[in-house]
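Presented below is the structure to which this report refers.
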Amino acid sequence: MLLTAGYRSFAAPAARALGITRQVLSKHRNEHAAIWHCRRSYNSSTALAAETETSRIVAGNTTVASSSSSSSSTSFPKYDRLLPCPTQKSTPRIEHLVVSEGGLVLEYICEALDLPPLFVADLIRFGAVYYALVCPQPPPTATEEEIRIFRRVTDPLVLRKRDSIKGKTLREAQKTFRVANGDQFVEEGTYLRVHVHPKRFPRCYEIDWRSRIIAVEDSYVVLDKPAGISVGGTTDNIEESCATFATRALGLTTPLMTTHQIDNCTEGCVVFAKTKEFCSIFHRKIRDKKVRKLYLALTASPLPTGIITHYMRPIRMAPRLISEDFIKGWHRCQLEVIDCRKVPWPTTNIQDKYFVEDCGWPSQDYAYECTINLLTGKTHQIRAQFAACKAPLIGDSMYMPATIAEMTNPGLNPFGKYNKDFSSESERETAVINWIAQYGKEPSVAIGLQAYQISWDDGEYSYKAGSPWWRCENA
């Protein structure tokens with residue numbers, strides 16, 4: 001479907017400078033802004049899915065309310081600024097709006113959601129506000145009122161009158177983009193998504209970032225990433241990230257660019273690009289398997305040396321399910337255990353210092369430190385494969401509970417050694433749902449995993465991280 005109307009760019013018109021004072025907008029806007037609300041928890045089944053635009057829109061149950069009643073019907077904290085960073089997590093709050101009257105985006109959100117201007121400005125700076133020219137499809141749980149709003153603002157007769165979407169397909173017009181600044185103009189019918197409670201990373205403010213820099217070259221930087229912080233930011237927070245804080249620590253005027261990812265709960269070597277050219281070059285090296293990554297993993301059980309192969313379900317949602325047997329369409333995962341040695345189990349003091357979670361593994365005196373050559377680079381690969389081998393990583397609150405559950409009930413995992421033939425597709429789906437329920441939540445800070453060394457061009461460029469957290473008793 002091609003949308004027809006005269007075209008003009010969606011750039012903001014010349015606008016007066018934004019002050020601290022807030023313009024009082026018309027009562028019409030506040031009463032008739034179309035809103036539906038999404039309440040979502042950062043649990044194992046939604047946290048990673050929330051990294052994609054579609055999954056966030058469809059996540060959770062929704063209810064329609066006028067903007068004037070949305071804040072009063074739910075108990076929200078008093079809003080001031082996003083900083084200083086709170087130490088406690090807040091309940092996720094995502095607001096979906098359809099603009100009823102054109103204006104500056106910051107002013108519109110302030111009035112529609114009854115939020116202070118400085119707070120909304122902070123949200124925009126954090127990358128927590130998105131827009132689309134046309135409202136996306138509501139979730140399957142949408143009410144009749146939400147469906148009515150969607151149909152009204154996406155009616156072809158309405159869309160033909162909008163110059164901004166001429167020549168675009170409906171899918172193109174529904175694509176979301178981050179709002180760059182509060183002076184951006186949003187016209188009537190524009191969709192807005194506001195992550196009022198972005199996921200926070202308080203550890204950013206505890207780290208001596210300059211001391212974590214391993215190397216600074218003309219075209220790239222290598223960082224010893226601390227655990228508990230995202231590499232390049234999350235969907236609702238690009239401010240509290242390694243890329244942002246490393247850029248500031250080095251006094252760079254151009255932001256560092258991510259070239260690859262490791263999990264928030266993983267520490268160790270990460271390469272950032274200073275230039276777009278190096279970013280493209282490094283991506284190509286990764287695709288051509290010219291980048292070698294060695295990891296150190298602290299596990300609850302020993303593993304034999306050699307190559308381990310599994311197959312991962314091709315669904316971009318945590319937990320990542322894997323099978324010992326080949327399944328058509330699933331991704332092959334391979335790693336090589338180079339070495340595995342017995343080491344003391346981390347003390348309570350060191351676990352407390354790095355917020356390592358007790359996941360219910362029976363108490364023991366020793367753990368096992370494995371050196372791993374990662375042969376394929378799938379999300380959560382080491383964590384999922386080691387858990388499947390009954391050697392979960394210490395502190396991995398997502399995968400260790402499932403390992404414990406399977407050890408107690410060997411037939412629980414429908415993709416494990418004792419998997420069975422199901423009499424129907426419904427029975428198989430029920431077994432998968434029950435298996436997913438055995439997994440826990442994503443770790444809050446650290447797990448027993450470090451990106452120990454990264455090298456490329458046959459070792460011509462090679463960098464190592466410092467000692468992993470479990471060796472830092474006196475640090």
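In this chain, numbering begins with 1 at the start of the sequence shown. Keep in mind it's a predicted model, so treat the numbers as computed, not measured.
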Backbone N or O of Gln184 within a donor-acceptor pair of the Asn181 side chain at under 3.5 Å? yes
Correct closest heavy-atom pair for Arg178 and Thr235 would be NH2-O, 2.9 Å
Does any N or O in the side chain of Gln450 come within less than 3.5 Å of the main-chain N or O of Thr266, such that one atom is a donor and the other an acceptor? no
Between Glu369 and Arg471, is there a salt bridge with N-O shorter than 4.0 Å? yes
Does Ser397 reach the side chain of Glu442, with side-chain heavy atoms less than 4.5 Å apart? no
State whether the number of non-hydrogen atoms from other residues, nucleotides or ligands found under 6.0 Å of Lys390 atom NZ is greater than 12. yes
Distance in Å, Tyr191 OH paired with Leu97 CG, rounded so as to fall on 0.5 Å steps: 8.5 Å
What is the distance from atom OG1 of Thr141 to atom CD of Glu146, rounded to the nearest 0.5 Å? 7.0 Å
List for me each residue that meets side chain to side chain contact (heavy atoms under 4.5 Å, CB included) alongside Ser241, sequence neighbours excluded, and say none if there are none. Ser230, Ala243, Thr244
Glu277, CD: over 12 other non-hydrogen atoms inside 6.0 angstrom: no
Is a side-chain N or O of Arg383 found less than 3.5 angstrom from the main chain of Arg320, in a donor-acceptor match? no
More than 12 non-hydrogen atoms from neighbouring residues, nucleotides or ligands closer than 6.0 Å to CD on Gln364, yes or no? yes
With Cys279 via side chain to side chain contact (heavy atoms under 4.5 Å, CB included) - residues at least two apart: Met257, Thr259, Ala273, His283
Which is it for Phe415 and His310 under the side chain to side chain contact (heavy atoms under 4.5 Å, CB included) test, yes or no, and what are the steps along the way? CA-CA 10 Å; Phe415 309 111; His310 288 91; over 6 Å; no
Asp352 atom CG, over 12 foreign heavy atoms within 6.0 Å: yes
Worked check of side chain to side chain contact (heavy atoms under 4.5 Å, CB included) between Phe126 and Leu82: CA-CA 9 Å; Phe126 269 58; Leu82 283 180; 3.6 Å; yes
Could you tell me whether the side chain of Thr247 and the main chain of Leu256 form a donor-acceptor pair under 3.5 Å? yes
Thr403 side-chain N/O to Ala387 backbone N/O, donor-acceptor pair under 3.5 Å: yes
Tell me whether the NZ or CZ atom of Arg203 lies within the 45° cone about the ring axis of Phe201 and under 6.0 Å from its centre. no
Donor-acceptor check, side chain of Asn237 to backbone of Lys199, threshold 3.5 angstrom: yes or no? yes
I'd like to know whether NZ of Lys285 has more than 12 heavy-atom contacts from other residues, nucleotides or ligands below 6.0 angstrom. yes
Rounded to the nearest 0.5 Å, the CD atom of Gln174 sits from the CD atom of Gln137 at a distance of 7.5 Å
Check whether the ring centres of Tyr79 and Phe119 lie less than 6.0 Å apart, and answer yes or no. yes
Are any non-hydrogen side-chain atoms of Val222 and Val270 less than 4.5 angstrom apart? no
Could you go through the salt bridge (charged side-chain N to carboxylate O under 4.0 Å, His left out) check for Arg125 and Glu240 one step at a time? CA-CA 11 Å; Arg125 181 168 60 89; Glu240 294 169 340; over 6 Å; no
Show your working on side chain to side chain contact (heavy atoms under 4.5 Å, CB included) between Val98 and Thr190 and close with a plain yes or no. CA-CA 6 Å; Val98 177; Thr190 299; over 6 Å; no
Within-4.5 Å side-chain heavy-atom neighbours: Cys269 and Tyr452: no
Hey, could you give me the CG/CG distance between Asp122 and Leu83, rounded to the nearest 0.5 Å? 6.5 Å
With under 30° as parallel and over 60° as perpendicular, where do the rings of Trp456 and Tyr463 fit, or are they tilted in between? tilted
Over-ring placement of Arg193 relative to Tyr130, 6.0 Å and 45° cut-offs: yes
Taken to the nearest 0.5 Å, the spacing of Phe150 CZ from Cys135 SG works out to 6.0 Å
Could you tell me whether Arg148 and Glu145 make a salt bridge, using a distance below 4.0 angstrom between a side-chain N and a carboxylate O? yes
With a 6.0 Å cut-off on ring centres, are Tyr368 and Trp470 close enough? no
For Gly182 versus Leu104, what's the shortest heavy-atom pair and its separation? O-CB, 3.9 Å
Is Val271 close to Ile454 at the side-chain level, that is, under 4.5 Å between some pair of heavy atoms? yes
Under the side chain to side chain contact (heavy atoms under 4.5 Å, CB included) test, residues paired with Asp208 that sit two or more places apart: Arg210, Ser211
What do you reckon, is CZ of Phe355 surrounded by more than 12 foreign heavy atoms closer than 6.0 Å? no
Donor-acceptor contact below 3.5 Å, side chain Glu267 vs main chain Ala446: no
Donor-acceptor contact present, side-chain Tyr108 to main-chain Ser100, <3.5 Å: yes
Quick one, Val134 with Leu170, criterion side chain to side chain contact (heavy atoms under 4.5 Å, CB included). Give me CA distance, side-chain angles, the key distance, then yes/no. CA-CA 8 Å; Val134 175; Leu170 182 58; 4.0 Å; yes
Donor-acceptor pair, distance only, cut-off 3.5 Å: does the side chain of Gln438 make one with the backbone of Asn434? yes
My understanding is that only residues two or more places apart in sequence, or in another chain, count here; which of them pass side chain to side chain contact (heavy atoms under 4.5 Å, CB included) with Ser455? Arg292, Ser462
With heavy-atom distances below 4.5 Å as the criterion, would you say the side chains of Cys265 and Leu449 are in contact? no
Determine, for Glu188 against Arg152, whether the closest basic-nitrogen to carboxylate-oxygen distance falls under 4.0 angstrom. no
Can you confirm whether Leu123 sits close enough to His197 that some side-chain heavy atom of one is under 4.5 Å from a side-chain heavy atom of the other? no
Go through it in stages, so that I can follow the logic: the residues are Gln381 and Thr376, the test is side-chain hydrogen bond (donor to acceptor under 3.5 Å, both in side chains), and I'd like the CA-CA distance, side-chain angles, deciding distance and then a yes or no. CA-CA 8 Å; Gln381 180 182 326; Thr376 57; 2.9 Å; yes
Those residues at least two apart in sequence (or on a different chain) that pass ring-ring contact (aromatic ring centres under 6.0 Å, His included) with Tyr366 are none
With a 6.0 Å cut-off on the ring centroids, do His380 and Tyr399 count as close? yes
Spacing of Trp345 atom CH2 and Trp361 atom CH2 [to the nearest 0.5 Å]: 7.5 Å
Please confirm whether the backbone N or O of His260 pairs with a side-chain atom of Thr258, one donor and one acceptor, at under 3.5 Å? no
Kindly give the heavy-atom pair with the smallest separation between Gly395 and Val356, and that separation in Å. CA-CG1, 3.7 Å
Could you tell me whether the side chain of Gln385 reaches within less than 4.5 Å of the side chain of Ile322, counting heavy atoms only? yes
Residues that Lys378 engages under salt bridge (charged side-chain N to carboxylate O under 4.0 Å, His left out), provided they are two or more places apart: none
May I ask you to test the Pro226-Cys204 pair for a side-chain heavy-atom distance under 4.5 Å? no
